[in-house]
Number of protein chains: 2
Amino acid sequence: MSRSLLENTSKHEPYHHGNLHATLLEAARTLVEEHGIDGFSLRELARRAGVSPAAPYHHFKDKAALIRALAGESQIRLGIASQHAIKGIQDPMQRLSKLGVAYVLFAFEHPSEFRIMFRQELRSPLGELEQPDIKPDPAFVLLKQILIECRQAGCIPITSERALELASINMWALVHGLATLIVDGPLSHTFRTKEQVIELTRQVTGGSLQQQLGGT
Amino acid sequence: MSRSLLENTSKHEPYHHGNLHATLLEAARTLVEEHGIDGFSLRELARRAGVSPAAPYHHFKDKAALIRALAGESQIRLGIASQHAIKGIQDPMQRLSKLGVAYVLFAFEHPSEFRIMFRQELRSPLGELEQPDIKPDPAFVLLKQILIECRQAGCIPITSERALELASINMWALVHGLATLIVDGPLSHTFRTKEQVIELTRQVTGGSLQQQLGGT
DNA sequence: CTATAATCTGAACAATGTCAAGATCACTGC
DNA sequence: GCAGTGATCTTGACATTGTTCAGATTATAG
C-alpha cells in the first residue's frame, strides 16, 4: 500500500511487493466492509494492492483461504474487544453483562466482520475435515471463565459440570442470536443506534442473568 | 420438470415451458441443498430446467430476487412446521417449548433453507429501501401469540407491553442463536444427531422458560 | 383472425476464480 | 564475491458466471 504510492516515481516499481500478505489482509478488510462479502472479488483486491491477479495465490491457497484468514483475525479482534470491555470490573455478574453487551456491540459496529466469522466456508468444506485455521472461539472461552467466576463468587447456584456447560451455551446462544437478529434480521430496522442496541442487550440478557439456572 | 421428461420424444420440445416459475423455484431449492448457496449458479439452474440461460429473467428480476423468493417460501415452511409442532397441545408453556424445538430442528434439518432466510441480500439492498417480499416472520408472530397465551393462563407474570416485547425478543434470540451455532457455528461438531439437538434445545430453553421474566 | 403481450432463444459482454509458464528477485552456501 | 535455489510476481489463458438485447415463438385478448 505505502510502497506503490511512495516509490512509483523514484524507481521502476519493485517487482516484489515486500509484504503482500499483510497488505492483502488489510485491503481485503476494507473491501469487504465496502461491498459486503459477496461483492468481494479477488481481482479487485489485487488491483487495490497494486499487484497482478495471480499474485495473491502465492500467499493464500484460495479465495476461501483468504476469507478464513480474515475470519481468524476478526475472532481475535472480538476477543480483544471482550477483554477490554470487562477490564477493571470486579463483580462477576457485571462482568458477564458487560461481556454480552460487548459481543452484540461488536456485531453491530462491524457487521461484515461478524458475518464472516460464521460463514459456511469456514466449517469443514469437505463435510468432515477440520479446518486448522479455526481455533476455539476466544469469546466463548472467556464466557466460560467468567461463568466459573460467578459460581465461585456464589452468584450462581450451578453445581454440576453439565449445568455449567448448558448455562454457557445458553448465554452464548442468547447473545449471538441477538447479534444476528440485529445485524441481518428483522430487528435491524427497529434498532439502529448504538444506544438502542446497548439498552436492548442489557434488558434482554438481564432477564436471563438474574435467574439463569436451576440447571439439570 | 415433468414437461421435458415426458414430451421430449413425442413433439419438438415445446418452445414455451409452461410453468417455468414453479419449476425454477423447485430446482433451485434442490440445487442450493446440494452445492450450498454460494455454489449456486443461475446458469446451472437454467440447465437443469432445460431452458436457456436468459429464460429465468422473465420470471425473476435478478439472481437476488430468485433467492428472495426462495427465502419467502422457506419462511412459510418454517411457519407451517411450527404450527404443526404445537398442534393439539394445550398447556401454553409446553406450546412455547415445542415451538422452540421446532425452530431449532428446522434449522438443523434444512440448513441451507435456514441460512437463506437470514441473508444480507434480503434486507434493504440499497440501505434504506424496504423489500416487499419480506413479510413479518410467521414464526415470530406465532411466538408472540403463544407468549400472550402464557400470560393469560397466568404462567408468566408479565404485565407491561414492553416486558412482553422483551420476553419475545429474548426467546427468539435464544432459539435463533442456538440454531445458528448448531448449523454454522462451533456447536456443529458437538451435536450431530437429531436427538442430541432436541435434547440440547429442551435443556437450554427450559432454563430460560421457567423463570423468564421480572420485566423491565 | 389479428394484434399485442408474454415467454423463450442465441449471441454477446464484462467480470470472476484459477492455473501454468516464465520473469525477477532475495538469500544461502561456498 | 558469486552461482544457484527457492520465493515472489507477471503474463496470458481458460472455463464460468450474471446480465442484456434483438429477434423468434407462442398464448391470449379483442
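Proteins get letters first, then strands, A, B, ... in listed order; numbering begins at 1 in each. Computed from a predicted model, the values in this text were never measured in an experiment.
Nearest-nucleotide positions on DNA chain C for A:A54 and B:A55 put B:A55 closer to the 5' end.
A salt bridge does not link B:D184 with A:R119: none of the charged nitrogens is closer than 4.0 Å to a carboxylate oxygen. Using a 4.0 Å cut-off between a side-chain N of Lys or Arg and a carboxylate O of Asp or Glu, B:R48 and B:E34 qualify as a salt bridge. At a threshold of 4.0 Å, the pair A:R29-A:E26 does not count as salt-bridged, since none of the basic side-chain nitrogens sits closer than that to a carboxylate oxygen.
Contact between A:V183 and A:A107 at its shortest, heavy atoms only, is CG2-O, 3.3 Å. Considering every non-hydrogen atom in both A:M171 and A:L96, the closest pair reads CE-CG, 4.5 Å. Here the closest heavy-atom approach between residue A:L70 and residue A:L25 is recorded as CD2-O, 3.8 Å.
Taking every side-chain heavy atom of B:H59 into account, C:dT7 is the closest of D:dT20, C:dT7, D:dT19. When each of D:dT19, C:dG10, D:dT10 is scored by its nearest atom to the side-chain atoms of B:S52, the top-ranked nucleotide is C:dG10. Counting only heavy atoms from C-beta on, B:Y57 has its side chain closest to D:dG18 among C:dC19, D:dG18, C:dT9. Considering only the side chain of A:P53, D:dT11 comes nearest among D:dT11, D:dT19, C:dT9.
We find that CG of B:L20 is positioned 15 Å from P of D:dT26, with the value rounded to whole Å. The distance between atom CZ of A:F60 and atom C1' of C:dG17, rounded to the nearest whole Å, is 16 Å. Between the C1' atom of C:dT9 and the NE2 atom of B:H58 lies a distance of 9 Å, rounded to the nearest Å. Separating the NZ atom of B:K63 from the P atom of C:dA15 is a distance of 18 Å, rounded to the nearest angstrom.
Using a 4.0 Å cut-off, no side-chain N or O of B:R47 falls inside it from OP1 or OP2 of D:dT16.
Within residues 32-45 of chain B, the residues having any heavy atom closer than 4.0 Å to DNA chain D are, in order of number, B:F40, B:S41, B:L42, B:R43.
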